[in-house]
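To start, the structure under review is shown below, and the notes come after it.
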Amino acid sequence: MPELPEVETVRYDLNKSLSGFQIKDISCNTTKILQPSLKEVIKHTKGLTISSFNRKAKLLIVELNKDWNFLIHLKMSGRLLIRDPGGVEDRWTRVIIALERKGIIKELRFADQRKFGYIKLIKKEELSDILSNYGPEPFADLSLQIFTKILKSSRRAIKKVLMDQVLISGIGNIYANDALFLAKIHPETSANYLNQNQIKNLFEAIEEVLKRGLKYRGASDNSYLDAFGKKGQYQEHFLVYGKNKENCPNCGSVIQKIVVGGRGTFYCPKCQLQERK
DNA sequence: AGTGCGACCTGATCGC
DNA sequence: TGCGATCAGGTCGCAC
């Protein structure tokens, strides 16, 4: 679930709340989530201070004041929670990072029902190599011109292209569905079949749905919670995602569910006409 | 090379 | 009611 708007919401709040905090201790009850190992991570990071929280695509980057970064991926069910020690329990807590700043003690907890997510300690110098595997970032380096080039170079279904992190950063299943609806494009249309007008509409639709996601602090259709343990609200504003058999908000037709790239895909058969596979 | 698909996990929900 | 099957979706590794 966590896509660009969800990860960005978490990043923003963590950056505001936990920058300048020092790592006092770390615990972990699910070995593979904390990499390379609890022992190694403690050895290199105990006593370091968090400089800032950054983001690339759906990846959260915690910059420490020495030569280290944490890379955190929430995958489907991961949560990062700011808590007071001894306060509420969070189900599925896997890693706890104990933090302190000017006598204030906080915990950053990583909770993940399905254990797909991870916290990985890397050397700062490894970062640019890792980030080079991700495409341009919407609102930053993805321009209409670059977007056009990306679509022209692939015959794959447009929805798969939108969700391919190598080509474009940050778009997942929810926002891909809603952006294609907003642009009135069928999700299985070949990317390189779209004309310039459609490309422009889609480019603008992507920015629009991501902006809505950010405005509503993410979509909590399933397990997503923000850094304070609160739900986002974008699920109240879904256009077609998850609305199988409901009526199209635009024309009233019945929304269809198909599978594209192994993912549930929702569209209006009237507004988003199939053009070419 | 480009593409597609199963595996990784768990819990909620569905169907019989 | 109870139990097994199915579904959810981000990314990696492998197969064609």
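None of these values were measured; they are calculated from a predicted model. These values consider heavy atoms only, across backbone and side chains, with no hydrogens, waters or symmetry-generated copies. Chain A is the first sequence line, chain B the second, and so forth, proteins listed ahead of strands; every chain is numbered from 1.
Spacing between atom NE2 of A:H73 and atom C1' of B:dC9 amounts to 15 Å, rounded to whole angstrom units. Atom CE of A:M163 and atom C1' of B:dT3 are 15 Å apart (whole Å). A:Q235 has its CD atom 15 Å from the C1' atom of C:dA8, to the nearest Å. Between the CD1 atom of A:I33 and the C1' atom of C:dT11 there is a distance of 15 Å, rounded to whole Å. Residue A:L59 contributes atom CG, which lies 12 Å from atom C1' of C:dG10 at whole-angstrom precision.
A donor-acceptor contact under 3.5 Å is formed by the side chain of A:R114 with the base of C:dA8. One can find a donor-acceptor pair under 3.5 Å joining the base of C:dG10 and the side-chain atoms of A:R263.
By the 4.0 Å N-to-carboxylate-O rule, A:K106 lies close enough to A:D84 to be salt-bridged with it.
Distance from the side chain of A:S154 is smallest to B:dT3 among B:dT3, C:dA8, B:dT10.
You can call A:F116 stacked on the base of B:dC8; the centres are under 5.5 Å apart and the planes sit within 30°.
Sequence neighbours left out, the pairs with a member in residues 117-144 of chain A that pass side-chain hydrogen bond (donor to acceptor under 3.5 Å, both in side chains) are A:R55-A:E137.
Among the protein residues, A:G117 comes within range of no part of the nucleic acid, since none of its heavy atoms lies under 4.0 Å from any strand.
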